[in-house]
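Notes follow the structure.
In what follows, every heavy atom counts, from backbone to side chain, and hydrogens, waters and symmetry copies are set aside.
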Amino acid sequence: ISSAQEARNVLQKSHLIVGLHCDQAAGEIFDFASAKNIPWCVVPCCTYSEMFSCRKLADGTRVTSYDHLVQWLQERDPRAKVATLDMEGKNKVVYTVP
């Protein structure tokens, strides 16, 4: 993909959006997939709590840790599930199914 227009065209035709250690894009992946009503899955990594100070859990707690980020993604969609991948490190995947 060599241009923003080409990327936009690919995304518009997608049937699943995946983010693997997508850092700052985790919330935007959810937003895009939800707007298009397509399944999504995210393996989050870094929290970037200072950059995203507006991210809050349902109880008002600021998202400041990896576990918070996983919970925040899950709370954004009542269909979201969480599974643990068979790998070391940040290995939680938050996802929806069609």
Should we count NZ of Lys56 as having more than 12 external heavy atoms under 6.0 Å?
yes
Less than 4.5 Å apart, side chain to side chain, heavy atoms only: is that true for Cys41 and Thr96?
no
Check whether any side-chain heavy atom of Thr61 lies under 4.5 Å from a side-chain heavy atom of His68, and answer yes or no.
yes
Hey, does Asn91 have a side-chain heavy atom less than 4.5 Å from the side chain of Val43?
no
Under 3.5 Å, is there a donor on one side chain and an acceptor on the other for Gln74 and Lys81?
no
What's the shortest heavy-atom distance between Ala80 and Trp40, and which atoms?
CB-CZ2, 4.1 Å
State whether Lys92 and Asp67 are salt-bridged, where the test is any N-O pair (Lys NZ or Arg NE/NH1/NH2 against Asp/Glu carboxylate O) under 4.0 Å.
no
All heavy atoms of Ala33 vs all of Ile17, minimum pair found to be CB-CG1, 4.1 Å
Minimum heavy-atom separation for Ala7 to Ile1, with atom names?
N-CG2, 3.5 Å
Does atom CG of Asn37 have more than 12 heavy-atom neighbours, drawn from other residues, nucleotides or ligands, at distances under 6.0 Å?
no
Find the distance between CE (Met51) and CD (Gln24) and round it off to the nearest 0.5 Å.
4.5 Å
Do Val82 and Val93 have side chains that approach each other closer than 4.5 Å (heavy atoms only, starting at C-beta)?
no
Would you call Pro44 and Tyr66 a side-chain contact if the rule is heavy atoms closer than 4.5 Å?
yes
